[in-house]
Each structure stands twice: as C-alpha cells, then as structure tokens.
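Working notes for the structure below.
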Amino acid sequence: MDKVFASIDEAVKDIPDGASIAIGGFFTAGTPVELIQALARHGAKNLTIICQQMGPGNEDVTKLVEQGQVKKAICNYPFYRSASRGANSPFEIAVRAGKIEVEVYPMGTFIEKMRAAGAGIAGFYTPTGVGTVVERGKEKKVFNGRTYLLEVALRPDYAFIHAWKGDRFGNCMYRKTAQNYNPEMGKAATITIAQVEKVVEAGELDPDKVHMPGIYVQRVVEVGRRTYKPGID
Amino acid sequence: MDKVFASIDEAVKDIPDGASIAIGGFFTAGTPVELIQALARHGAKNLTIICQQMGPGNEDVTKLVEQGQVKKAICNYPFYRSASRGANSPFEIAVRAGKIEVEVYPMGTFIEKMRAAGAGIAGFYTPTGVGTVVERGKEKKVFNGRTYLLEVALRPDYAFIHAWKGDRFGNCMYRKTAQNYNPEMGKAATITIAQVEKVVEAGELDPDKVHMPGIYVQRVVEVGRRTYKPGID
Amino acid sequence: MVVKPNKKKFEGIARELIALRIANDLQDGSYVNLGIGIPTLVSNWIEGRDLVLQSEIGMLNTGPLAEGDNIDQDCINASCQPVTELPGCCYFSDCESFAMIRGRYMDVAVLGALQVSEKGDLAGWNNPDRGFPEHVGNIGGSMDLAVGAKKVIVAMEHVTTKGDFKIVKKCSYPVTAIGVVKLIATDLALIEVTDNGLVLKEVAPGLTAEDVQSVTEPKLIISPDLREIAL
Amino acid sequence: MVVKPNKKKFEGIARELIALRIANDLQDGSYVNLGIGIPTLVSNWIEGRDLVLQSEIGMLNTGPLAEGDNIDQDCINASCQPVTELPGCCYFSDCESFAMIRGRYMDVAVLGALQVSEKGDLAGWNNPDRGFPEHVGNIGGSMDLAVGAKKVIVAMEHVTTKGDFKIVKKCSYPVTAIGVVKLIATDLALIEVTDNGLVLKEVAPGLTAEDVQSVTEPKLIISPDLREIAL
C-alpha cells in the first residue's frame, strides 16, 4: 500500500467542478496552504468550501474566492472581527452581493458534524444553539428535561489536511495546535489528501503516537515546512 | 492541581451503594485489576457494572458477582463462548437465576454511548442493530434512505481505567491495545479513577502524545505493572 | 423453522482451506477485519499480500501471532491472542475502531455465522440453544462489522454438527444484520448472494451442484461457470 | 429595542482591572476558558494560581504569550497569538476540545458580550450593525462555551461606546445562549444573575448603586453587602 503522490498538482487533479472540500487548519497552525494553492491552479469551480475561516488569515482561500471558484462556504467564523477590514474582504463582498452562499455552525457543531460522518453516525443531539437562530429548521428533542438540537453528519467529497509527518500507509502525526480540525475533516471526507512536512518510512512512527490512522487517508504528498508568523487577527 | 492518591483503597472509598461503574480493559490489556479488587474489599452493593466482559477473562469482576455486589450489568460480550464453561460461571448462573439484570449493546454502540456522554451529546443515530432485537423500544429515523437507531448517552457515576503513565494533572498515556475502552469510559464518568503503572512528573509526558487529557481524570493512583499471560478465550 | 436434512453427508475441504479460498478473494490494497473462528485462519494465508488487518480492539497492520519473547500482554487481538506489529502499525481506542468500522472504511469483514439467509441476512451472535432471553447474548463487534464493512464474507461449515441447514430461506436465530452478506465460503461451496438469489459458483472437489443443493435450504442458482473451489 | 441612556456618564475601572476582578473570582483547581477581548486579559493575573487554561483550538495548560525565540507557528491560541506550554500541557483536536466543553468539563468560561439580559441570556456573536442576514456571523466557539461551561462569566464595558444599555431586559441582538450567564463584570459593577433577578454586589470606586442603575435597563436588586469592586 503506497499512498504517496510525487506532486501536489497530481494529488488534486481529479477534483471535479461542484465538489465539496473540507480544509483543515487554523491561521498559521496546520493549514494545508500548498493544497489550496494547487486547487487555485487546478481551477475547479462551483466548489463548496468547508473551513473555519474564509477570509481572516487565509489569503489562499481568498484567492479561490477571487477566482470565482467558490459557490458556497460552510464555516464557523467567516468574517473579520473588524467591520472596516471586512468591508474590503473579497469573501465578505461576495457574500453581501449574494454570489457566495454561507452556512454557519457553532465551532463544536461544525466539527462534530464531520466527526459523525467519519464515524458512520447519521445525526446527533447537541445542546448548542438551542434558543438561537441556529435551531431554525432543525428538530428538537428533550432528554432528561434538557432540550437538544438534531444536527446531521457532514461528509465532504475531499479533505485537505496538513500533518507534521506521514508514512506511505497514510498514518499521520500532528504537531501542537496544528492538529485542530485536520483529524476529523480527514476522517469525514471520501478522499482525504494529506500534505505532510515529511514522509517517513513505514514503521518509523511510534504506533502509539499516530494521531491519524492511515485508513482515513487516501493520498499523501510531501511539502516540507514553510514558516509563518503568528499574530493577532 | 494534584490528583494523585496515595492508596487505591482511599481512591474508591466514597463509592456508594447503587453506583454505576464503567470498567475499562480487554482481557490482559488495560484492565484496572487493582481497582476492581479494591472495590471488592470496599464492598459497595447494588452496583451497575459497565464493562466488556462480565465473566470470561475477568476473575476480579467475577468476585464482585460472587460477593453479591452486582445488581445489573451493561456489556457487549457477557458470556463464555463455550456453553459448558458458561454453565459454571457465577455470572451466567446469576443471570439465569434472575439475580442480575443484563443489558447488551453492540460493541461500537456500547462505547459510542459513553463517548456521547463525555462529549455532551444526548443521543446519536447509528445504523448498527437495525432489524435486530437491539432496535426494540428505540426510535428509528431515516437519513438519506437508510434507517438508523437512536441510542442515548450513557454516563457512569465512576470509571475505573488503567493507563501506562500518568501525571498529577491526570494526563494519561496508554500502551498498545491496552487503550481499548479506557479513554471513552474515563471521559464519560462523573468521577474517573485512573490506576497507572507509573506516576511521572508534570511535563514529562510529551504534550503531543497524551492520549487522555487530564481534565477527564479526577483521581490518579500508581499500581506498578503486573504480568498477565494472554491466551485464547 | 430449521428443516433437518440428513446427517452430515459430504466430506468437504478443511477449515484452513475455507480460509485460503477467502484469502484468494481479497483484493490487494484492502483493509480487512477477521472475526473469531474460521475467519481468523485467513491470516495464515496473506503473508506478503498488500492487505492491512484491523483488530477491532484498536489496531491496524496487525501482524502474525506472537510467540515466546515477542508476547506482550498489552498487544492482543479480540480473541485475547498475543499478536505482533507490522510496519505501518498504529493503535487507537475501541471507540475510534468502531468509528472507522461504521464509517465504511473497512473494505472486508470476514465473519462466522450460525445461519445465512438467501437475502444475505446474517445470524451469528445468539444461539438459542443456550437458553438465554432473546435479547441477551454475545453481540460483541459483530453487528457493527456486519453493517459497516463494504463487503461481508461469511466463513462457516455448510451445515451444523447435527446436519441442520445453515444456509436458509429465513433465519430462525436472532439476526446480526439484514441483507449484508455478499459471499458465503463453506467446506462444500462458494456461494454469492445476489439480488436474484444465491448463486453457486464453486463446489468442493468431488461434489456436484445437486450435492450442495441437498444441504442448502433455498434454491440455488447454478453459475454457468460452476467450477471446483479455487485454491 | 435598545433604550438609549445619556452618553457615557461614568468613569469606571480599566479593562485590566475588570480582568483582575474576574481572576479573583476563579476558584483554585478550576479549568478555565478565556474568550477574545477583555477575557484574554484575565491570563495576566493568574500566574502561580492553581488554574488550568484551555485554548479551544486544542490545548490544556496554556501558558503566557510567547515572545522571540519561543514563538512557534504551530502553538497558537484562538486569536492566533503565539502561546507557551506549562508543565502538564497537552494537545488534542478541535473536536475533542469541544467534546470536553459540551461535556461540562470546563468549570468557567469568561466571555465578552454585546448584551446580557436580566435572565442571563447572552448576545455576543452577531452585531446587527454589520448588516448581515440574521443567521450569518462569527459564531466561533461562543455558543458551545456558553452552554457547556459550568459557570459563564461575562466581561464587558457596562454600556456601548454610544452609551446604549448592554445590560438589558431582553436581548435585541441575536442570542448566543439562553439563561447561561451567572456573573457580569464590567468597568462599573459586579452583578450576579440570580433566579430573582440581577443582584448588584459591587460598584466601581466613587459610584453609587443609583449611578449603576441609571446605565442598566433592568431593575437591580441591591445587595445588602454592596461594596466597592474587590481588587
């Protein structure tokens, strides 16, 4: 079993127009920048992008927006906090113009929906969002006197994830807070493409310390390590 | 924050009659034998025991049965495979005599119910058990043309878990297949007691390799490492 | 009701060869879970194959059974047998293990069975002979594997030790899952479960399709390519 | 509707001191999550305290902000600030992080707010001034923290920059959660949310209960032990 691709462009080339793609990462930590850039070169259109942030700290996703590749965004923190910065954001402008549809979930619900998809769970009852606009159109149910919302699984066609090390079986290890959304997005998607800083030999990763069992990963591509500078949003 | 208890008997002494206790482990791997033995000495009665196996490979749980401490068992593989061995098993005898009530779940549902409790999820829809006796009395719902069962969270009062190393914050690392049920049982219970082979200083565990964040663990007690001989059930 | 055919009439292939037949069916690049009993024997035939075995206790790339100094009490399979690691091995919790099983990441599950119906219903967890209430028994991981795996293969003896049908029109034993079995490998035959019914593809050496039909309750469709079991 | 009081009438304590007042309220041995804004400043007051900070991105025992060579792009908080590790630190996924938040393992969440109602309703994720549809905005982790934490403390300025009430009878902004706030710490006062209503416990130096009432829409219950903010 060898899931390693030699080229990042090769790893994304079958993504069709209309695909849904979950993108891991949180600002400077664990964002699969090279894969997003490859997607921009690839040019697939009418995409549904599932990621934490569509604008802030994610210039590469912004490029997809600018190129008109994005039809819909599913996220939990779509906009800049600052209204003035937001006013100049291509994503915010596209949303206001009705060119991109936006679906927003609470952060825990957002990632639990993908955890459910990966785990074969069709739906789950969460207390989060009860009494808010998030409950609109959703079933509610009372368990032990407390009200919960039914949220359903979200299975992306593809996931782009970033890991520290990976092997040819697709086993991955993450580093510090660069883990974030990557594991559950990778488990949820039909095709998961892991960009890793380093591909190691099978057997080099301590089996007790693999964060992401290779069974969830279909493609692995080595990208090295770029440097980013963390700074407040 | 120091969750380390000096004595295993001290760690279990507040368990009241009628408590529900989840017990991790799978045969020779990761079974909290010392805690079960302490519970036998402690003598609490009318207990609900939640564990994989009530009889096979679990002589210490059998002792709780023999001492009449168990009112109910929630498990996924309660009996010996062999009818003749089962006929002599104190647990099987007690079940047949109606002295212990038994609730059986599929293995995946069994542990997912506890995962849900720990994660604040009240219930979830699983495809497992549809069309079988497991669906009796449970709500069914169709998602995308497939039928799923509603299973609800299971929150034990206590969990007994076994880990390889732990620190005073309750952070734990497991070893190989000794992980098994321990993490999710520990996350589900109100009070989780971790027996660890070795207590290490805070900071000694690599933060990327902690399997069980300490927030889920209320008590830690060092028990050293006993030797067991694996062999077919 | 289980209709009783005559006592065991035919000599078929050994359990080890049922396992070999199944090993031959596995596609390279597959993730495979092997149940207790005959299914476990499949592992003896796949050395060097491009297959990854899962142990539902929480392990991928499980290797052969451990012996002597390689035995580690913390490294066991679901039958409590000590096992070894292959390169690319990883460990995880039971919850994660069943997440990947239900999540349809397991390409093949090979399971034992007490009965299989012509619709592919599987009954394997509860033998009423034990005399427990109908809802109590050793479910273990069987129901999750049966609904989760992309392909379920049953490995079993063709009839019970008493000679009763195990391949039946309708399961009389409590079912594990409905309509999930795709292939049945026994000591006497290899049978595919299709939308049209059970297709007899292969028979044990020296047996005829009629022989197999005589110990099989539902009507078998005889494959035009009927042949001896491919070992 | 938000009723407009006069423009900002009173000088209260600094944002750093609101954070200090909250730090004083935290019980030793607690797990605490600090939101963006004033809540983040609480971390400046807890050095040496027996408290564990969670970063919802997936970290426990988060230490002070990193500087210089200690900065690691893979070790950041939810505001993308580089942070350090304290002994006993561990990392985990965002999914695990919110599992522990919803699972009621967080003793305290300190959150900012746009409005808090007398019933403890919290509105903090969507400022209608931005002009988005009502269901679109930066929810982030706020809704999970608000329903999951055992105790929710709000840290905010007592009135808006325009002088509007932020402590209101009923939230006019989209709510984050219903009936969850237990304590409100502002530049002017410390207010407890009780079943009987809002209890004014402490006021900023030089202010009276009447002063605070004049910039608070719901009727305040004056604590018999009313005192100056405990710093």
Side-chain angles (χ1 to χ4, degrees), chain B residues 24 26-30 52-53 56-57 75-81 83 86-87 92 95-96 102-112 114-115 126-134 136 164 174-185 187 211 225-233, chain C residues 36-37 40 55-59 62 65-66 71-83 85 89 91-99 101-102 104 121 123 125-127 129-148 174-180:
Chain B
F26 200 105
F27 296 105
T28 61
Q52 148 98 7
Q53 281 146 317
C75 45
N76 65 68
Y77 200 97
F79 306 121
Y80 280 97
R81 290 186 73 198
E92 190 169 318
V95 171
R96 288 184 190 277
V102 187
E103 217 170 281
V104 183
Y105 293 96
M107 199 180 279
T109 301
F110 172 80
I111 195 65
E112 187 73 12
M114 284 181 270
R115 192 265 169 192
T126 176
T128 304
V130 172
T132 79
V133 296
V134 169
R136 287 195 191 155
W164 182 40
Y174 301 104
R175 202 172 159 272
K176 302 183 186 277
T177 59
Q179 189 169 160
N180 58 69
Y181 299 108
N182 287 300
E184 278 72 22
M185 286 181 169
K187 292 172 188 178
H211 293 113
R225 183 169 174 89
R226 283 198 210 184
T227 307
Y228 302 98
K229 197 172 149 23
I232 197 160
D233 158 34
Chain C
I36 293 172
T40 302
S55 296
E56 66 259 39
I57 181 174
M59 183 178 188
T62 305
L65 293 184
I71 292 176
D72 182 332
Q73 69 196 37
D74 289 340
C75 192
I76 63 173
N77 65 19
S79 301
C80 193
Q81 294 169 305
V83 294
E85 298 174 354
C89 168
Y91 298 103
F92 38 85
S93 72
D94 212 274
C95 184
E96 180 74 44
S97 181
F98 281 90
I101 288 168
R102 277 190 318 261
R104 314 226 72 151
D121 300 349
W125 69 277
N126 189 338
N127 188 335
D129 293 351
R130 289 290 285 272
F132 289 110
E134 202 200 1
H135 63 287
V136 170
N138 291 338
I139 299 177
S142 62
M143 288 190 184
D144 299 285
L145 282 161
V147 303
V175 294
T176 304
I178 298 295
V180 296

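Qualifying ring-ring contact (aromatic ring centres under 6.0 Å, His included) partners for C/Tyr91, counting only residues two or more places apart in sequence or in other chains: none.
Of the inter-residue distances, the one linking B/Met107 atom CE with C/Cys95 atom SG reads 12.5 Å to the nearest 0.5 angstrom. From B/Phe110, atom CZ reaches atom CZ of C/Phe98 across 11.0 Å, with rounding to the nearest 0.5 Å. Annotation: the span from C/Asp74 atom CG to B/Tyr228 atom OH amounts to 10.5 Å, rounded to 0.5 Å. Atom OG1 of B/Thr177 is separated from atom CG of C/Asn77 by 8.5 Å, given to the nearest 0.5 angstrom.
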- Item | Verdict with reasoning, C/Gln73 to B/Lys229, per side-chain contact (heavy atoms from CB on, under 4.5 Å) | CA-CA 6 Å; C/Gln73 69 196 37; B/Lys229 197 172 149 23; over 6 Å; no
- Take C/Ile76 and B/Phe27 through the side-chain contact (heavy atoms from CB on, under 4.5 Å) test and state the conclusion after the steps. CA-CA 9 Å; C/Ile76 63 173; B/Phe27 296 105; 3.9 Å; yes
- Verify side-chain contact (heavy atoms from CB on, under 4.5 Å) between B/Asn180 and C/Phe92, making sure each step is shown before the conclusion. CA-CA 7 Å; B/Asn180 58 69; C/Phe92 38 85; over 6 Å; no
- Could you go through the side-chain contact (heavy atoms from CB on, under 4.5 Å) check for C/Glu96 and B/Gln179 one step at a time? CA-CA 11 Å; C/Glu96 180 74 44; B/Gln179 189 169 160; over 6 Å; no
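In terms of modelled atom types and a separation under 3.5 Å, the side chain of C/Ser93 and the main chain of B/Pro183 share no donor-acceptor contact.
Taking chain B as the reference chain and counting heavy-atom pairs below 4.5 Å, the highest number among C/Gly137, C/Gly58, C/Ala66 is found for C/Gly137. Chain B forms more heavy-atom pairs under 4.5 Å with one residue of C/Glu85, C/Met59, C/Arg130, C/Met143 than with any other, namely C/Arg130. With chain B as partner, the option from C/Gly131, C/Gly140, C/Pro174 having the largest number of non-hydrogen pairs under 4.5 angstrom is C/Gly140. When each of C/Ile36, C/Asp129, C/Asn126, C/Asp121 is checked for heavy-atom pairs under 4.5 Å with chain B, C/Ile36 comes out on top. Of the listed residues B/His211, B/Gln52, B/Glu92, the one with more heavy-atom pairs under 4.5 angstrom with chain C than any other is B/Glu92. No other option in B/Ala87, B/Gly30, B/Gly131, B/Ala83 has as many heavy-atom pairs under 4.5 Å with chain C as B/Ala83.
Between B/Arg136 and C/Glu134 there is a salt bridge, with a side-chain nitrogen of the basic residue lying less than 4.0 Å from a carboxylate oxygen of the acidic one. The residues B/Arg115 and C/Asp94 are annotated as not salt-bridged, no charged nitrogen and carboxylate oxygen being separated by less than 4.0 angstrom.
Looking at heavy atoms from C-beta onward, C/Arg102 lies in side-chain contact with B/Pro127 at the 4.5 angstrom threshold. A heavy-atom distance below 4.5 Å is not found between the side chains of B/Val102 and C/Phe132.
For B/Arg225, the part sitting under 4.5 Å from any heavy atom of chain C is the side chain, from C-beta outward, and nothing else. Heavy atoms of B/Val130 lying under 4.5 Å from chain C belong exclusively to its backbone. Neither the backbone nor the side chain of B/Tyr174 has a heavy atom closer than 4.5 Å to any heavy atom of chain C. C/Ile57 touches chain B through backbone and side chain together, each having a heavy atom under 4.5 Å away. With a 4.5 Å cut-off on non-hydrogen atoms, C/Ala146 does not touch chain B at all.
Evaluation of the side-chain hydrogen bond (donor to acceptor under 3.5 Å, both in side chains) test over residues 137-147 of chain C, restricted to residues two or more places apart or in two chains, returns B/Thr128-C/Asp144.
The minimum heavy-atom distance linking C/Asp72 with B/Arg175 is given by the pair OD2-NH2, 2.6 Å.
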